[in-house]
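Here is the structure we will look at.
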Amino acid sequence: MAAPAVEGAAVTALRSVLLRARHAAERAGTQPERVRVVAVSKTKPNSLIRQVYDAGHRCFGENYVQEIVQKAPQVFHVITNEKVKIFALQNFIFNLYLLVILFLQLPEDIEWHFIGHLQSNKVKTLLGAVPNLALFEGVDNEKIANHLDRAVSSLGRNPLKVFLQVNTSGEASKSGIEPSACVRFAEYVKLRCPNLEFSGLMTIGMPDYTSTPENFRTLSNCRIEVCKALGITEDECELSMGMSSDFEQAIEMGSTNVRVGSTIFGPRDYSKKLPN
């Protein structure tokens with residue numbers, strides 16, 4: 001009888017994070033199922049992501065366009081030209097190449113989140129190469145909203161869910177709209193960008209990956225004002241706040257989407273950091 005497989009460190013860490021998130025939700029009087037844990041896998045290899053996927057997790061996040069494009073593309077979206085199809089049928093080496101690519105690529109039912117600031121000239125690359133992009137966390141100005149809206153339309157995609165990024169800490173180095181501009185920007189996206197689905201607000205923590213309760217409280221207050229202006233319920237406006245060091249506190253203060261990376265996957269290697 002074969003010995004049971006030893007569970008990898010990332011899978012063990014994932015189970016711990018999910019349990020901690022559940023307990024935080026219960027303390028807050030929130031249904032645990034309403035809290036989403038995004039496993040942020042930037043700088044991590046597909047093999048490690050696959051371990052977490054095989055443990056049952058489906059929601060992953062990335063911060064760099066080049067990296068998510070390398071991890072998420074589906075080879076079947078490429079094999080559309082009839083001549084290429086015929087070549088593939090006749091050529092053993094090409095078939096072998098496709099099998100290798102399929103083996104290395106990640107499954108298509110992953111729900112990818114893109115997190116953070118994105119340059120407008122990278123919008124079509126991101127949306128065209130990642131058909132299973134479920135949510136864009138980080139719409140921080142009208143220009144990027146317009147580019148996303150037009151790209152979704154031109155590619156014939158279903159409306160893309162988006163979170164608006166709010167600079168709750170007031171740091172000059174941070175992207176995001178000022179809290180005072182939140183209502184106006186939410187109205188703009190809701191009314192002027194028909195191919196985007198306004199789904200909530202997000203904020204990025206301090207440089208040490210923590211946020212103060214004031215940051216979380218500011219985002220919660222923004223949601224109250226936005227929901228009132230748009231005539232929607234708070235259930236229709238998610239809060240994405242909290243990362244590895246503070247996700248439990250964030251959930252206790254109303255977060256429905258936490259972004260956890262190093263606590264699951266271990267320290268990151270930024271030596272190959274890619275720009276957006």
Side-chain angles (χ1 to χ4, degrees), residues 10 38-53 57-80 97-141 143-157 160-165 173-176 195-196 202 204-205 207 209 240 243-244 257 259-276:
V38 183
V40 182
S41 48
K42 62 181 178 181
T43 79
K44 299 304 178 181
N46 283 11
S47 57
L48 190 57
I49 299 171
R50 185 63 191 241
Q51 290 179 28
V52 174
Y53 172 91
H57 202 67
R58 293 294 179 268
C59 188
F60 294 83
E62 291 288 340
N63 296 79
Y64 307 128
V65 173
Q66 291 92 329
E67 193 169 357
I68 191 172
V69 164
Q70 291 169 6
K71 292 175 178 177
Q74 306 302 315
V75 71
F76 293 116
H77 290 269
V78 179
I79 310 303
T80 55
Y97 167 76
L98 290 182
L99 288 173
V100 171
I101 292 297
L102 283 172
F103 177 77
L104 293 176
Q105 286 183 346
L106 293 165
E108 62 181 11
D109 63 337
I110 285 180
E111 298 176 4
W112 288 106
H113 287 212
F114 184 83
I115 302 166
H117 179 73
L118 176 67
Q119 295 177 7
S120 57
N121 63 348
K122 301 287 182 68
V123 166
K124 280 197 172 181
T125 299
L126 174 66
L127 297 186
V130 189
N132 48 340
L133 183 68
L135 206 151
F136 185 101
E137 300 196 38
V139 179
D140 54 12
N141 58 67
K143 181 180 179 181
I144 196 68
N146 291 333
H147 276 274
L148 285 166
D149 184 64
R150 289 194 294 268
V152 171
S153 177
S154 66
L155 291 169
R157 292 180 56 125
L160 176 66
K161 292 183 177 182
V162 298
F163 288 164
L164 310 187
Q165 183 173 343
S173 60
K174 286 281 175 63
S175 298
N195 299 293
L196 302 182
M202 67 88 76
I204 292 179
Y209 295 99
S240 177
M243 296 186 286
S244 284
N257 187 89
R259 309 177 303 271
V260 183
S262 57
T263 297
I264 295 173
F265 293 106
R268 297 186 177 107
D269 177 11
Y270 286 104
S271 62
K272 297 180 180 180
K273 180 178 179 181
L274 298 170
N276 277 340

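Numbering starts at 1 and runs along the sequence shown. Computation of the quantities below employed the complete heavy-atom set of this structure, encompassing side-chain atoms and omitting hydrogens, waters and symmetry-equivalent molecules.
- A heavy-atom distance below 4.5 Å is not found between the side chains of V123 and R150.
- L106 CG to S41 OG: the interatomic distance, rounded to the nearest 0.5 Å, is 8.0 Å.
- For E137, the side-chain hydrogen bond (donor to acceptor under 3.5 Å, both in side chains) partners are H113, S240, N257, not counting sequence neighbours.
- In this structure, K124 and A151 approach most closely via the heavy-atom pair CG-CB, 4.1 Å.
- The side-chain hydrogen bond (donor to acceptor under 3.5 Å, both in side chains) search around S175 returns none, not counting sequence neighbours.
- Atom CG of N141 sits about 11.0 Å away from atom CG of L164, to the nearest 0.5 Å.
- In plain terms, the two heavy atoms of A72 and N132 that are nearest each other are O-OD1, 4.0 Å.
- How far CG of L135 is from CZ of F163: 4.5 Å, rounded to the nearest 0.5 Å.
- Summarising the geometry of A129 relative to P131, their closest heavy-atom pair is O-CD, 3.3 Å, with the distance given to 0.1 Å.
- Taking all atoms of both residues into account, the shortest heavy-atom contact from S153 to N195 is CB-ND2, 3.4 Å.
- For the pair K71 (side chain) and I49 (backbone), a donor-acceptor distance under 3.5 Å is absent.
- With sequence neighbours excluded, the residues satisfying side-chain hydrogen bond (donor to acceptor under 3.5 Å, both in side chains) with D140 are H117.
- Note that the NZ atom of K122 and the CD atom of Q66 stand 4.5 Å from one another [nearest 0.5 Å].
- E67 places a side-chain N or O within 3.5 Å of a backbone atom of T43 that can act as its donor or acceptor partner.
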Handout entry: Intermediate values then yes/no, side chain to side chain contact (heavy atoms under 4.5 Å, CB included), V40 and M243
Key = CA-CA 9 Å; V40 182; M243 296 186 286; over 6 Å; no

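- Here the closest heavy-atom approach between residue K42 and residue E62 is recorded as CA-OE1, 3.2 Å.
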Practice task
In sequence, state the C-alpha distance, the side-chain angles, and the governing distance for L160 and F114, and then conclude on side chain to side chain contact (heavy atoms under 4.5 Å, CB included).
Solution key: CA-CA 11 Å; L160 176 66; F114 184 83; over 6 Å; no

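- Although no hydrogens or angles enter the test, the distance criterion places no donor-acceptor pair under 3.5 Å between the side chain of R259 and the main chain of G61.
- In this structure, S244 contributes its side chain and T263 its backbone to a donor-acceptor pair below 3.5 Å.
- With rounding to the nearest 0.5 angstrom, the CD atom of Q165 is 11.5 Å from the CD1 atom of I144.
- Among residues two or more places apart in sequence or in another chain, the ring-ring contact (aromatic ring centres under 6.0 Å, His included) test is passed with F60 by H57.
- Taking every heavy atom of both residues into account, E111 and A134 meet most closely at CB-CB, 4.0 Å.
- The NE2 atom of H147 sits 10.0 Å away from atom CG of L118, with the distance rounded to the nearest 0.5 Å.
- With sequence neighbours excluded, the residues forming a salt bridge (charged side-chain N to carboxylate O under 4.0 Å, His left out) with R58 are D109, listed by chain and number.
- Applying the side-chain contact (heavy atoms from CB on, under 4.5 Å) test to T125 and every residue at least two apart in sequence or in another chain returns V65, V69.
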Exercise for the section: Decide yes or no on side chain to side chain contact (heavy atoms under 4.5 Å, CB included) for L196 and F136, but give the supporting numbers first. Expected result: CA-CA 10 Å; L196 302 182; F136 185 101; over 6 Å; no

